[in-house]
Amino acid sequence: MSETGKIRKIIKAWEQYLYLENLSNASVEVGFDKTRKIWDEKIQLVGNQILIPQPHFQHFKKIYSTLEEKKQLEDFKIAVSFPQIYRVIAGKRNFLPLFTVDISSIWSGKYRSRGWDLTEGFLFQPVIPNLIEFYLKDEEKAENLVIHEGLRTFLSETFKFNFSTLQDFLDLLKPPQQNLSYKPIPYLLRFDYVSYTHNLKKDLRYLNQQEFWDWATPGHPAYEYFFGSPQPPRHDVLFLGAFPGSEPNKSQADALKHFYVSFLTAVIGPPGNGKTSFLLHIIAIQVVKRAYQLVTSGIDESNLTLVTSTNNRAVTNVIEKLAAELENNFFYIEGGRKDLIDRQVIPQLQKAINWLEIETFNEKIWRQSSLEIEKIATQLQSQPLLDIEKARQRERDLQEKERLNREILTLQEHLLKLEQQPITPPSSNYEQYPILAYEQILTSLERAVKSFPTVDVELLLQNSQSWWERLWYSFKKLWLNITQKSPHHILKRLHKEIHAPLTATLATPFPFQLPLTPESCRASYSQVTNQLTSAKKWRLDAQKTEQSYTGQINSIKTQINQLKREKGLIEQRLASYKTEDFYTRFPVEYHQQQQQLFLLSWQYLQQEALRRKDEVIRSIEIYIDVINSEKNHDAWCRFTANYSSILRDVSLLFPVFASTLHSVRNLFPYLKKGCIDVSVIDEAGMIPSHQPLPVLVRSRRAVIVGDPLQLEPIVPFSQSTIEQYHEQAFTEQGLTDADYFRYSPTAIYTATAYHRAAGASDRLGDIGNGIMLNEHYRCVAPIISFCELLSGYKLVIKTPYKESRLGTNLIAYPVEGTIIDHVNLEEVNVLLRLIEHLKQAGYKREEIGVISPYRAQVDALINRQEEEKEDINSPFIGTVHKFQGGQKPVIIFSSRQCQDRDSLLFINRRPNLLNTAVSRAEELFILVGNLERLLQEEGYIKKLVAHIQQFGEIRPLP
C-alpha cells in the first residue's frame with residue numbers, strides 16, 4: 001500500500017469516527033429553519049415501529065435527493081431517539097439523548113405509513129455522558145455497555161428491566177431524577193452538524209476529495225505526523241529571540257533548537273515544567289526570524305503562529321501571558337468561534353486598520369530598529385566562531401600547561417638528585433691540611449732562613465789554616481752570640497715562635513717536624529712552601545666545586561620558579577574560559593540581548609506595517625470579508641488567489657492567532673499549506689490523532705506539546721462500539737492492527753496527537769522520541785515526587801519548599817462510607833467539613849479545588865453546596881478531566897470507592913488519572929477515602945496511600 005493510499009484510508013477511518021461521535025452527541029439544540037436539528041411534532045413509536053408524518057418524510061426526502069445529486073449525502077444525517085429529555089437554556093431547548101438510531105437510509109426509499117422497525121438493521125449508538133448523568137451509570141460500567149446484539153438487548157442490559165416492545169420500554173422507563181423536561185415519546189434529530197466536529201469533518205472530507213496532495217511529502221509536518229521518525233535535537237543551533245521574562249532552561253533550549261531547524265517537533269510537557277514559557281519563546285523567535293530576514297535580505301515571509309488545542313485553558317494561558325507583557329493593542333488574535341469572530345476578532349482587525357490610517361510611518365525608528373537588529377544578531381552569530389577560537393586557545397593553553405608541568409617535574413627531579421648527592425672535592429688529603437698554622441710556621445721559617453748568616457762561621461773556624469783566620473772567625477762567632485744572630489739563637493727563637501702553630505699540626509695528617517739546624521730549617525721552609533701552595537690550590541679547587549654545585553641548584557630553582565610563574569598565568573587564563581560551550585551557554589548568557597532583539601523586531605515590524613500601510617490595509621479588509629459570517633464571494637476569490645501574501649500582511653500586526661482546534665477553519669477557511677507558518681498544538685496528550693491533521697496541512701512547521709502520562713482523550717464509546725469501529729474502519733479497509741493502534745482515535749493509549757508527533761510505535765507504553773521539559777516549578781517536592789514515581793520522567797524539581805498551613809504537604813483522611821446511587825455521601829459530608837477546615841486555616845475558597853474521578857460524586861457535592869448556599873462555585877469542583885491544565889494551592893481528591901465490591905479498575909488502570917489529579921496541587925494534596933479498601937489491591941491508588949504515609953500524614957477527621 002502506498003503512503004498516500006494509506007493516508008486516504010486513515011482519513012476515511014477518521015471520518016467514520018466523526019460519524020459515530022456525532023451520533024453520540026450529548027446535547028442537541030433545537031434550532032430554527034435552516035439550522036433546525038430536532039423534530040418532535042407527531043413523531044410516534046408504536047411497538048417497535050417509528051412513525052413519521054408524510055410531510056416530514058417528503059421534506060427530508062427532498063433534501064436527501066438534492067444532496068445525493070451533489071454527492072454530498074454525508075451532509076444530511078437523521079437519527080431517532082427516545083424519550084424526550086431536554087433542558088431549557090436561555091430560552092432554547094437542548095435535547096439530551098440517551099442513545100441514537102441512525103435512520104438516514106430510509107429517505108432513499110418510499111414512504112411507509114406503517115413506519116420502520118427500529119430493531120432491524122439500523123445502526124445505533126449509546127450517548128454515554130447522558131446515560132451516566134441521568135441514570136447514574138458508573139463510568140466503568142458504561143464502558144462495558146452491550147451494543148453488538150441489537151437495540152433491544154442494549155436497552156434491557158443497560159436499564160435492567162424486561163419489556164416486550166420499544167414502546168413498552170418507553171412506558172416502563174422512569175424519568176431521570178433531575179430538574180429536566182421529560183416526555184415518553186420519540187423525536188428525530190439531525191446529527192451531521194455538531195459544532196465541535198463540523199469544521200474538522202469538512203476539512204477531512206475536502207482532503208479526501210483531492211486527487212493530489214502537495215503536503216504529503218517528507219519535510220512537511222503533516223507527512224512527518226503520519227510517517228516521520230523524530231530525531232534528537234541538534235546541539236549546535238543558535239536561535240534568535242526570547243520572550244521577556246525568565247530565560248530558557250536547558251530542556252527548553254533543547255526543544256527550541258529542535259523547533260528552529262525541524263518541520264515537526266514533539267515536546268513532552270509534564271505539569272508545571274515551564275511549558276507556557278517555552279511556547280512564548282517560540283513566538284518571540286518567530287517575530288525575530290521575520291524581522292531579521294526582512295532587514296538583511298529584503299524578503300518578507302509570514303511568521304503567523306497559531307496557538308491551538310482542544311482545551312480552551314491551554315490557549316488562554318499563552319494569551320494571558322502575552323497580554324501581561326505586551327502593552328500594544330495588537331500582536332495577537334484570540335477566538336475562532338463564529339460569535340467570537342463577529343464580536344472580538346473583526347473589531348480587533350478593524351482597530352488595526354484605524355491605527356494604520358491614523359499613525360504615521362517613522363523612518364527614523366524603522367531604520368534605527370533595523371540597524372540594532374542586525375547589530376545584535378551579528379554579534380550573536382559571531383560568537384560561535386569566537387568561541388571556537390577561544391576553545392582552540394584553551395586547548396593550546398592546556399597543552400602548554402602540560403608541557404610546563406613536564407618541565408617543572410623534570411627540573412624538580414634533577415634538583416632532588418643534586419640535593420641528595422654529597423659535594424665531592426678533588427681527591428686529596430689536603431682537606432685536613434692546617435693552612436693557617438703552616439702559614440704562621442712558614443712566616444717564621446722564612447724569617448729564620450733570612451736571618452741565618454751568609455757564611456757558616458763555625459765551619460770556617462774549624463777549617464781555618466792560619467791563626468788570624470781562626471781569630472777572625474772566633475771574634476765573629478762571639479759577635480753573633482752577643483747579638484743573638486747565631487744559628488743557635490735563630491733556631492731557638494724559631495722554636496719559640498712556632499710552638500703554637502706547630503702544636504696545631506700535630507693532630508693532623510701533616511705534623512710539623514721542628515728543624516734543628518739551618519739546613520733543616522731551609523729544607524722545612526721549602527717543604528712548607530710547597531705544601532702550602534698545593535693545599536691552597538686544592539682548597540681553591542674545592543671552593544670552585546662547591547660554588548659550581550650551589551650554582552647549579554640555584555639555577556634550577558630559578559628555572560622552576562620561572563616556569564611556575566608562566567604556569568600560573570596560563571592557569572589564570574584557563575580559569576577565565578567558559579566551562580560550557582557557546583551553544584549550551586547562550587540561552588542564559590545572552591538572554592538580555594535575545595529579549596532586546598524580540599522587542600526591537602516587534603517595533604520594526606509595526607513600522608514596516610505603517611510603511612506599507614495601503615497594502616496591509618487592503619489585506620486586512622479582504623481577510624475580514626473572508627472570515628465574516630456574511631459570505632463575500634469576491635473577497636473569497638481574491639483571498640484564494642493570493643492567500644499567502646494576505647496572511648503575510650495580516651501577521652505583520654498580528655503574528656499570533658489563538659483558537660481551539662475545532663474553530664481553526666473559521667480563521668483559516670482555505671485548506672492549503674502555508675496559511676500558517678508555525679502551528680503550536682498544546683495538551684496533545686488529550687487530543688485524538690485525527691484532530692490536528694487539518695492544522696498541520698495548513699502549516700509549514702509545527703510544535704506538538706503534550707504529556708502521554710496525563711489524561712488521555714475522552715472517547716464517548718463503549719468497548720463494544722470501539723471493537724466494531726476497529727473492525728469496520730480499519731480491518732475491512734485492509735489496514736493492519738498496527739495501523740489501528742498508531743492512528744485510531746479510539747486507541748487512546750498509543751495514538752494521541754502527541755504519540756503521532758513523537759513517532760511512537762503501536763506498542764503500549766512507547767511514547768516515541770519527544771523532547772522532555774524536565775525542570776518542574778509548580779508543586780513542592782513531596783507532592784510532585786509521587787508524580788515522578790508514576791512517570792519516571794526524572795524531573796528536576798525547582799519549586800522552593802513551602803509547608804502548607806496544615807503543617808504538611810500530603811494528608812489522607814480515612815472515611816469508610818457507602819455508595820448509594822453511585823455517590824459516597826459520607827465522603828461528600830467530609831469534603832464539606834474539610835473545605836471549612838481549610839478556610840479556617842487561612843485558605844481562600846478560590847485556593848481550594850475538589851476533584852473526583854466520578855461525575856456522580858462531583859454532582860453530589862455541587863448539589864450539596866447549592867442546598868447549603870455555601871460561598872462556593874462549581875468551577876472549583878470537578879472531575880479530573882475538568883481540572884486538566886489547572887492548578888490550586890490545595891487539591892482534595894475524593895476516591896469514592898469504599899466497599900470490597902467497589903472496583904478500583906477505573907483509578908488503577910493507568911497512572912494518568914492520579915498523575916493528573918495529584919499534580920494539580922501546588923502545596924497541599926488531600927486524599928479522602930476508605931484507606932483500608934484502597935490498600936487492598938496493588939495499583940496506583942495504593943502507591944498514593946503509601947506515599948502519603950511515608951512523606952505526609954494520615955490524620956483523623958477534623
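Note that the structure is a prediction, hence the values are computed from the model and not measured. What's counted below: heavy atoms across the whole structure, side chains too, no hydrogens, waters or symmetry copies. We number each residue from 1, following the sequence as shown.
Counting non-hydrogen atoms of neighbouring residues, nucleotides and ligands closer than 6.0 angstrom, the NZ atom of Lys338 exceeds 12 such neighbours.
Leu356 and Ile617 get closest at one heavy-atom pair: CD1-CG1, 3.7 Å. Here the closest heavy-atom approach between residue Phe730 and residue Tyr743 is recorded as CZ-C, 4.3 Å. Shortest non-hydrogen contact noted between Ala658 and Ile319 is CB-CD1, 3.5 Å.
At a threshold of 4.0 Å, the pair Glu21-Lys201 does not count as salt-bridged, since none of the basic side-chain nitrogens sits closer than that to a carboxylate oxygen. Ion pairing of Glu621 with Arg618 is absent here, as no side-chain N (NZ or NE/NH1/NH2) approaches a carboxylate O to less than 4.0 Å.
A donor and an acceptor atom, one from each side chain of Asp707 and Tyr793, are located under 3.5 Å apart. Residues Thr746 and Tyr740 bring a donor and an acceptor atom of their side chains to less than 3.5 Å of each other.
Shown here are the side-chain hydrogen bond (donor to acceptor under 3.5 Å, both in side chains) partners of Asn769, two or more places apart in sequence or in another chain: there are none. Legend: residues meeting ring pair (Phe, Tyr, Trp, His ring centres under 6.0 Å) with Phe582, ordered by chain and number and at least two apart, are Phe586, Tyr590.
Identified under the side-chain hydrogen bond (donor to acceptor under 3.5 Å, both in side chains) test for residues 753-763, with sequence neighbours left out: Thr752-His755, Ser761-Arg763, Ser761-Asp766. Listed by first and then second residue, the salt bridge (Lys or Arg N to Asp or Glu O under 4.0 Å) pairs involving residues 272-295 are Lys275-Asp682, Lys275-Glu683, Lys289-Asp677, Arg290-Asp300 (not counting sequence neighbours). Applying the salt bridge (Lys or Arg N to Asp or Glu O under 4.0 Å) rule to pairs touching residues 251-264 yields Lys250-Asp254, sequence neighbours excluded. For residues 741-751, no pair satisfies salt bridge (Lys or Arg N to Asp or Glu O under 4.0 Å), with sequence neighbours left out.
You'll find the ring centres of Phe226 and Trp14 inside the 6.0 Å limit.
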